[in-house]
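Here the structure is laid out as structure tokens; the discussion comes afterwards.
Convention: sequence-line order gives letters A, B, ...; per-chain numbering from 1. The structure displayed is predicted, hence computed values, not measured ones.
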Protein chains: 2
Amino acid sequence: MLRLSKKTDYGLLALQYLATDAPAGGASARAIAERYGIPAELLAKVLQHLARLGFVAAQKGVHGGYHLARPARTISLAEIVEAIDGPLAITACGRHEEPCEQFGACTVRDPLARIKDRITSVLQTMTLAELTDEEQTIPIVVRGRGEADARLEAR
Amino acid sequence: MLRLSKKTDYGLLALQYLATDAPAGGASARAIAERYGIPAELLAKVLQHLARLGFVAAQKGVHGGYHLARPARTISLAEIVEAIDGPLAITACGRHEEPCEQFGACTVRDPLARIKDRITSVLQTMTLAELTDEEQTIPIVVRGRGEADARLEAR
DNA sequence: TAATATAGGACTAATCAGGTCGGAGTTGGG
DNA sequence: CCCAACTCCGACCTGATTAGTCCTATATTA
């Protein structure tokens, strides 16, 4: 269904919280989890993973917790999604490796790759900082051919 | 991982084939499956589903098979994906139903909904007919703010 | 030293995609 | 007219992926 995993959802929530609402010293995984009503131990894992990859910095001990290790406006959603869910791909057959077995006859590979690129660029263009902004005035302009356009404009 | 299911892959292949390469009278599920080296019975199921939804028409019997029931240029990829994979949603919490339980505190819902809309519009803009076209000159123009843009342009 | 925090592995449970099986309808040859 | 081949049809099963839990180790502070 073209869905992000829940881990990614949780990761986005936590990062967005750390980027805006969190107290200066950061926040513990447990505190964030309680704030949003999500499983603490699962969020902890996600944050550990994000810490290993350099998105957040961890502080052990009694008043420890996590805080952002990079400015929110330098972190794209694509990075976050890839960090948690792995490299984002629309189709099962990854671009180069796994030559898709008998799919030498595959006639939709290239068009789908283009679709993937466009979706990727949507995610690359939005940063963690923008995730909170109310005023989202970014229009999407896509020029296509065929009758589907008319349907799109009619909405 | 933001992935389409294999069913959708198979469905796209089959529809694209029916739209362009198939003989006039249509083609059987088995024939298409052999053409692309995919499980015949699985593709059959996908085609059955597409038949119920009016994308293709089925003809039983000895020289039966499927043929497109609508012009290829009136079928958007979004329609196909939704038909097979279900309503496309980025997050687990569907827009209106399932108020996300304790996610009244969810601060990323609206931004993610916008992301979803953009991805949806990418899929809505491309039709089955365009899936085959070689000359794909559709540029994507997205204006954003913040430093992520610079990174994007640098590619 | 006791309490609290992250680190990280192993384990279980649930969900879903992928694949399979038998049945029902349609056509065409004998 | 009837049988056999071919096709669609719909329910079932299974295995992989995901979500979530548990336990232990390590570090830090009061």
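- The NZ atom of K60(A) sits 9 Å away from the C1' atom of dT28(D) (whole-angstrom rounding).
- Remark: the D9(B) side chain and the T91(A) side chain contain no N/O donor-acceptor pair separated by less than 3.5 Å.
- Between E130(A) and R114(B), no side-chain nitrogen of the basic residue sits less than 4.0 Å from a carboxylate oxygen of the acidic one, so the salt-bridge criterion is not met.
- Comparing atom distances between the H63(A) side chain and each of dA19(D), dA30(D), dC9(D) picks out dA30(D) as nearest.
- Residues V62(B) and D85(A) both approach DNA chain D. Their nearest nucleotides, taken by heavy-atom distance, put V62(B) toward the 5′ side.
- Heavy atoms of A29(B) sit under 4.0 angstrom from primed sugar atoms or phosphate atoms, though from no base atom.
- One can place CG of L53(B) at 12 Å from P of dC9(D), the figure rounded to the nearest angstrom.
- Cluster membership for L13(A) and L53(A), using ILVMFWY side-chain heavy atoms within less than 4.5 angstrom, is shared.
- When each of K45(A) and G61(A) is assigned the nucleotide of DNA chain C bearing its nearest heavy atom, the one mapping closer to the 5' terminus is G61(A).
- Rounded to an integer number of Å, the gap from R3(B) CZ to dT18(D) C1' is 13 Å.
- Taking atom CZ of R52(B) as the reference point, atom P of dC9(D) lies 8 Å away to the nearest angstrom.
- In summary, contact between chain A and DNA chain C, defined as any nucleotide atom under 4.0 Å from a heavy atom of the protein, begins and ends at dA3(C) to dA17(C) in the 5' to 3' direction.
- The closest donor-acceptor contact from the side chain of D85(B) to the backbone of S5(B) lies under 3.5 Å.
- Under the 4.0 Å criterion applied to side-chain N and carboxylate O atoms, E41(B) and R30(B) are not assigned as salt-bridge partners.
- In terms of heavy atoms, V56(B) sits closest to Y66(B) at CG2-CD2, 3.7 Å.
- Nearest to the side-chain atoms of K7(A) among the listed nucleotides dA19(D), dC9(D), dT21(D) stands dA19(D).
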